[in-house]
Amino acid sequence: MPNINRSADEWEVIVKYNGDLGRLESELELRAELLGDSYAILTLHSPLIRELYRYSEIEYIELPRNLSLSLRGSMSDACITPVHTEQPGNYNLRGSGTLIGIIDSGIDYTHPDFRNQNGDSRVLYLWDQLQGNNPPEGFYSGTEYSNSQLNAILRDLRDRYTAVSMDTVGHGTAVSGVAAGNGRSSGGREQGVAPEASLIVVKLGEKGRESFARTTEIMRALKYINDRATMLNMPVAINISFGTNNGSHAGNSLFETYINSVAQRWRCVIVAATGNEGSAGHHYGGHITQNQTLRITFTIAPYLQSVFLTLWKSFADTFELELVSPDGYSSGRLYSTDPFRQMNFSGTQVAVFYEQPTIFNVSQEIFIQMSSSASVTPGIWTLLVTGRSVTEGEFHIWLPTVEEVGTDTAFSTPDPNLTLTLPSTCVNVISVGGYNSMVGNYACFSGRGYTFRNVYVKPDLVAPAVNVLSTRTGGGYDAFTGTSMAAPFVTGAAALMMEWGIIRGNDPFLYGQRVKAFLQKNTAKIYGQSYPNRIWGYGALCLKAAMDDLVRYSGK
């Protein structure tokens, strides 16, 4: 569902366009942020959204989705430690000359692990999308801080509580520590993967709800980091540890295709966590036959003001739905010929949308939004699905992520597969699941593949995700668990590979899908597993093996 600035009745929409949007800006009094490759974010008053369809410059429109953090090893288990060292046969790689891009809840830049020996910041740019009114050129919100500004703040800082743009959630600080912490707080013992890389950080999150963000905010952040990396003439590895269940899980929304396009710009690698939905009970996978009715039950926990279900199926199939609340209220039969219905279930507002195929997607979404100013009716809800005209019969339903609704909101008979979150479904990103490196088992919470309709294999690989020691907001270290901690292992590894290839001149084209290919090929395998698979992808990260293989191919 869209996100709205309700006080101004302004909506954001993602568009793919051609030509010049100047005519629309003038006639509709909208604001356009151009993201490149014919993608843009338009901000306009809600009654004018329909007007967009009459302009030939607009090829497709998509409403932004909410995303949530996926917060929940060791360097030696990921075969990173030997890559750091100088001994014969190793590489002495530490990320020098490369950039790590962090799109998250911000960073505690006062933490010693993100400062050089002289006390200066390792953060070259920080864009806080939530604070102030001095945004980067081409954007309309937040404040950008340069390295010199951050250094001035650090010199004048009386205590960390007077710092600007702090990471009050702590998630981004932990992610940054795994990818690039230099270990100054521990005398160099607890270093991240690329301890000499520089950082570009974007703090995002819907205003007033810093654990959540919108797809539009991620898109802005990607453009910003990629543009800054191009300006600095430095290769960049970008980490995204946000995710949503709101989408087809097939990698073909405007949000996902834009990310794919950014991954092909400049010398760039984009890494995304697969989320913590593996054991959350938020996915239902079903198959239905002609005139069959399936009874699907799910529980909604108390005190939730908003819950959605998103059902994806073949457009060739015609489904009839009926929703029944815990207290017995029924929506009656819902037909595809009635594309939008609204109803009130004793205080719970329910809206049902039968969407149509798009220019990017042959599948159909049926979206059900339940909301209440107090609480959506808690208890066991029932969704009756009847196949009126069935050609394929396969369908999938997702509830919101565990970070949004917890684990008490869940299907009665969930399917743990297809539980990776967007944007880890993007084909051009490196999608990272999690495993417990201490015992060698997969992490039950880790999002599993493949993508919808088995279009391609995801995750690409896994990395340590259980009790990972990393930097903590306020100083020191703490243990963190989740695929959010797995992704920055791979982000840092990509930076080390680009240092060897691009900075040292051994392989000037070592970025993008080439990095992914060498990481996939040289993963560590668990005995008895067949690869690739839905849990492990191609296996566990082993950077030393990937580097050795690169040397063999380069003839160095």
Side-chain angles (χ1 to χ4, degrees), residues 66-74 77-78 104-105 169-172 174-175 178 211-212 239-247 249 271-285 298-299 301 396-425 430-451 458-470 478-491 526 529 532-537 539-541:
N66 280 338
L67 300 100
S68 57
L69 296 172
S70 49
L71 177 61
R72 277 284 205 236
S74 78
D77 288 321
D104 216 289
S105 62
V169 176
H171 188 270
V175 166
V178 174
S211 293
F212 296 88
N239 191 93
I240 304 174
S241 289
F242 279 70
T244 181
N245 273 339
N246 196 346
H249 292 68
V271 179
T274 62
N276 300 327
E277 292 294 297
S279 57
H282 293 159
H283 168 244
Y284 179 92
F298 58 98
T299 300
H396 297 271
I397 313 174
W398 287 273
L399 286 160
T401 62
V402 66
E403 289 77 22
E404 295 172 89
V405 298
T407 55
D408 290 335
T409 296
F411 289 105
S412 302
T413 55
D415 178 2
N417 294 316
L418 270 73
T419 49
L420 43 83
T421 55
L422 286 67
S424 68
T425 47
I430 303 178
S431 305
V432 185
Y435 79 107
N436 187 334
S437 61
M438 294 176 287
V439 295
N441 291 339
Y442 77 90
C444 63
F445 55 77
S446 181
R448 305 184 191 181
Y450 300 124
T451 58
K458 291 288 182 177
D460 293 300
L461 72 166
V462 298
V466 178
N467 291 329
V468 175
L469 192 69
S470 189
D478 208 342
F480 299 87
T481 293
T483 59
S484 289
M485 297 301 108
F489 276 98
V490 177
T491 304
I526 303 298
Q529 294 280 341
N533 65 56
R534 294 177 183 270
I535 297 173
W536 295 87
L541 172 66

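- With sequence neighbours excluded, the residues that form a side chain to side chain donor-acceptor pair (under 3.5 Å) with Ser431 are Lys458.
- Using a 4.5 Å heavy-atom cutoff, the side chains of Glu404 and Leu399 are not in contact.
- Interatomic distance, Trp536 CH2 to Tyr442 OH, rounded to the nearest 0.5 Å: 9.5 Å.
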Discussion item. Pair Phe242, Asp104 - check side chain to side chain contact (heavy atoms under 4.5 Å, CB included), show working.
Written reply: CA-CA 7 Å; Phe242 279 70; Asp104 216 289; 4.0 Å; yes
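- At least one donor-acceptor pair closer than 3.5 Å links the side chain of Thr409 to the backbone N or O of Ala301.
- With sequence neighbours excluded, the residues that form a side-chain contact (heavy atoms from CB on, under 4.5 Å) with Ala479 are Asn467.
- Looking at Phe411 and Ile397, their side chains come closer than 4.5 Å, going by heavy atoms from C-beta outward.
- Residues Val432 and Asp460 have side chains not in contact (no heavy-atom distance under 4.5 Å, counting atoms from C-beta outward).
- Residues passing the side chain to side chain donor-acceptor pair (under 3.5 Å) test with Thr299: none are found, sequence neighbours excluded.
- Every side chain to side chain donor-acceptor pair (under 3.5 Å) that Asn533 has, sequence neighbours left out, goes to Gln529.
- Here the closest heavy-atom approach between residue Ala410 and residue Ala280 is recorded as CB-O, 3.7 Å.
- Residues passing the side chain to side chain donor-acceptor pair (under 3.5 Å) test with Thr491 are Asn239, sequence neighbours excluded.
- Smallest separation of non-hydrogen atoms from Thr421 and Gly243: OG1-CA, 3.7 Å.
- Defined by atom type and a distance below 3.5 Å, a donor-acceptor pair is missing between the side-chain atoms of His282 and Thr419.
- Between Thr483 and Phe445 there is a side-chain heavy-atom pair separated by less than 4.5 Å.
- Scored by the ring-ring contact (aromatic ring centres under 6.0 Å, His included) test, His283 finds His396, Trp398 as partners (sequence neighbours excluded).
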